[in-house]
Number of protein chains: 4
Amino acid sequence: MKKSEQTEQKIMLAAGEIFSEKGYSAASTSEIAKKAGVSEGTVFRYFSTKKELLVRLVKYGIEMFSEDIAIKPLIELTRAKKNGQDFLYEVSMNRYDLWVKYRNLFKIVIHELSFHMEIKELFDKYICEKVESILSSTYEDYIKSGDFREDIDSHSAIRSFSGMIFILFMEHAHSNENSREKMQRDIKTTIDIFINGVGKK
Amino acid sequence: MKKSEQTEQKIMLAAGEIFSEKGYSAASTSEIAKKAGVSEGTVFRYFSTKKELLVRLVKYGIEMFSEDIAIKPLIELTRAKKNGQDFLYEVSMNRYDLWVKYRNLFKIVIHELSFHMEIKELFDKYICEKVESILSSTYEDYIKSGDFREDIDSHSAIRSFSGMIFILFMEHAHSNENSREKMQRDIKTTIDIFINGVGKK
Amino acid sequence: MKKSEQTEQKIMLAAGEIFSEKGYSAASTSEIAKKAGVSEGTVFRYFSTKKELLVRLVKYGIEMFSEDIAIKPLIELTRAKKNGQDFLYEVSMNRYDLWVKYRNLFKIVIHELSFHMEIKELFDKYICEKVESILSSTYEDYIKSGDFREDIDSHSAIRSFSGMIFILFMEHAHSNENSREKMQRDIKTTIDIFINGVGKK
Amino acid sequence: MKKSEQTEQKIMLAAGEIFSEKGYSAASTSEIAKKAGVSEGTVFRYFSTKKELLVRLVKYGIEMFSEDIAIKPLIELTRAKKNGQDFLYEVSMNRYDLWVKYRNLFKIVIHELSFHMEIKELFDKYICEKVESILSSTYEDYIKSGDFREDIDSHSAIRSFSGMIFILFMEHAHSNENSREKMQRDIKTTIDIFINGVGKK
DNA sequence: GATGAATGAGACTTCATTCAT
DNA sequence: AATGAATGAAGTCTCATTCAT
């Protein structure tokens, strides 16, 4: 990696931490420069604008995330055709690990989503659509194979499942006791609810 | 209502709109003053600090919300003992109407939650706990009455249901086609999933 | 005069001096603020932009100049119908006094003319056209009265005369020996050349 | 021409364009470097300072101009002894062509004259004095030969004539319709005024 | 000899906050 | 009680200049 690329990385890394910590607009470029160990002028050599720093940072993060989400799980999935329960568990844990890895990125994206069109577009295009497309095709396989009900449209199902998982992650993010083991148990319960419902048979 | 209270209200109203529109830290007190139709000095007569304006605004909003959520539905609930499905539907639609009414407040709370301890505490204390306590006692009634499974702890169930509904609201907030009718249908589907699951019996 | 108008004046005055001394773009707002005896923030309360400060300053100066040039000499002119020689002398000396009074303004206008469209427009509209219109009508009176040649178009004549006077002012501005007496003599010589030419009869 | 001289030329050329376009102090060295097709570092290898770039550029330009003005016209003048009218016409058109050729240089010199002593000195020494000395000796020849009046001192005459021509050039520079033909006509009129005056005989 | 990455001082500008009126 | 003028600290950004490669 060239030196200039290293500098760019250092700046994006520092910006990622500070943006996620105090939000884009409360973060100052001087603080970012200091954390990155470069002068403020250098920040603007690489990113002509504070906003551009945000957008490039998110774009770069999402690209990396995109690779991680697209490649890794599909390989594991095709390797062993699992039942719905196990599949969802794998997907959720994989997402959880990604969540941990990309925690800062997600925090930034979720926060700045509503203030910056560019971020919303990246989010819609590279996260929502991608996740939906991966899940929906698999979901419909399970319908065809007779495991899942046909009278629930896959969009609603996926949305509901995503919401359950999303809020679970949030709870863990904001709580102190957030071990991987607890997460495993919580995910299993959540999937149980999703597949079997809470109603008594 | 006294004149001074009116002024305070005007300022909080204006602040609510601007905070929700561009975020707390990107909002400027001068813009708030202008929208409220008062001078900048006046803002600081009522709120010694921009941050205090945020906190008092959220506190006030949450108190009003608290009354709305605590009183209205409980009356309706006790009036007619419903089955779980109908109860959840009522609750969800009621929450949806509240969401619409308190849209700005929620947007602010969700955004500033992670940057301001005071907001997080208010949120935990007056929203999470309140909602959880209302729902969990009812939920356990349904367990006892044999409608719901005993092997799912009420916290997990409530969390999952909240997540499903939350993300549904989000989808509507960010989409263009967001009529009340569509919401009614979506909520019914979501409750169906929650109670019966997606798995084939 | 209200206090706020006083402040605005102080800032424009300071800006006028510094702009004329080192040019618009080499002048710094902090220096202007210091010279005006206000804080830098105050400068931007009155002029949202450094550029706006320049434009408003020029506009204001030109308006004052416009009044001075339009009203004063016309009164004197109508009072006593003079011959061409005396008329031009009066006009030139009047212009010289204005030049001394508006020295800074002219320096700024002449310098920034070519970099800022707004200034050029103000200059064309309020100085060139005004001066031309005042002079040309009078000039044509002299033609009609048989004092001046008919075969020189008034625009060329006025342009030539203005150039002679302009460069004379410039010489005085850049020289050390620039008394009013010397100017009077130089103007008389210049007018002699203009009316009689340098060629021998 | 050596390679290093070429580079120096390229930089001065680029600087000349940008300085004349937006003024010395609003021009940035990075822009100059880009336009010259060299790196920013290179600019500072050849010119230790932005200011030095300006001064050397002007010095170099004035030297070239000096040769052009001193050599060419004198040859033509001595070749054919003309009358005053024709002589002035030749000189003016020659100056006009030089003006077109050195347009950028003149614009820079005129603008920076009052902000940089070095430029003013170069201007006075190499342009004013030179032009004055060339013209004044010739002018006095015409006095002696009885063509021109003796009662006008040559400095005043030359100054007046220069002003007329200067402002004519300015008018052309700022107007759209600025053909060489129009200039020829305007110069002839101007000279007519200069020699014969506008007064009726 | 040339490059372009890095710097840091300083530019313009914003804004929460104070205070005389 | 209310105003809005004034502040000054801090923010984003620019740019001449240096220096390792």
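Just so we're clear, the structure is a prediction, and the values are computed from it rather than from any experiment. The sequence lines fix the lettering, A, B, ..., with proteins before strands; numbering per chain opens at 1. Below, each value reflects all heavy atoms present in this structure, side chains not excepted, and no hydrogens, waters or symmetry copies.
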Report summary line: Its contact letters, B for base, S for sugar-phosphate only and - for none at protein heavy atoms under 4.0 Å, make nucleotides 13-21 of chain F read BB-BBB---
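- Put simply, CZ on C:Phe47 is 13 Å from P on F:dA5, counting in whole angstrom units.
- The aromatic rings of A:Phe106 and A:Trp99 sit parallel to each other, their planes meeting at less than 30°, with 60° as the upper class boundary.
- What separates NZ of D:Lys10 from C1' of E:dT3 is a distance of 13 Å, to the nearest Å.
- E:dA11 atom P lies 15 Å from atom CG of C:Leu53, rounded to whole Å.
- Residues A:Val43 and A:Ala33 share a closest heavy-atom pair of CG2-CB, 3.8 Å.
- Rounded to whole Å, atom C1' of E:dC15 lies 13 Å from atom NZ of B:Lys22.
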Report task. Could you go through the salt bridge (charged side-chain N to carboxylate O under 4.0 Å, His left out) check for B:Lys51 and B:Glu118 one step at a time? Result -> CA-CA 10 Å; B:Lys51 171 108 182 222; B:Glu118 302 87 332; 3.4 Å; yes
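- In this structure C:Phe115 satisfies the ring-ring contact (aromatic ring centres under 6.0 Å, His included) test together with D:His111, sequence neighbours excluded.
- The separation between D:Gln6 atom CD and E:dG1 atom P is 16 Å, rounded to whole Å.
- By the side chain to side chain donor-acceptor pair (under 3.5 Å) test, B:Ser48 is found to be paired with B:Glu52, residues two or more places apart in sequence or in another chain being considered.
- Considering only residues two or more places apart in sequence or on other chains, A:Ser28 meets the side chain to side chain donor-acceptor pair (under 3.5 Å) condition with A:Ser30.
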Report task. Both distances under 3.5 Å, Watson-Crick or G-U wobble: on that basis, could you give the dot-bracket string for DNA chain F, with [ ] for crossing pairs and | for other-strand partners? Result -> .||||||||||||||||||||
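- Relative to the ring axis of A:Phe19, A:Lys50 does not place its NZ or CZ within 45° and under 6.0 Å from the centre.
- Across the protein-nucleic acid pair, A:Glu8 atom CD and E:dA6 atom P stand 11 Å apart, rounded to whole Å.
- Regarding contacts with the backbone of F:dG4, every side-chain N or O of B:Ser39 stays at 4.0 angstrom or more from both OP1 and OP2.
- With E:dA5, F:dG8, F:dT3 as the choices, the nucleotide that has an atom nearest any side-chain atom of A:Tyr46 turns out to be E:dA5.
- Separating the NZ atom of B:Lys34 from the C1' atom of E:dT14 is a distance of 14 Å, rounded to the nearest angstrom.
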Requested in this report: Test side-chain contact (heavy atoms from CB on, under 4.5 Å) on D:Thr29 and D:Lys34 and set out the steps.
Outcome: CA-CA 9 Å; D:Thr29 51; D:Lys34 206 195 294 173; over 6 Å; no
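- Not counting sequence neighbours, the partners of D:Tyr102 by the side chain to side chain donor-acceptor pair (under 3.5 Å) test are D:Asp68.
- Here C:Val38 lies in heavy-atom contact (under 4.0 Å) with sugar-phosphate atoms only.
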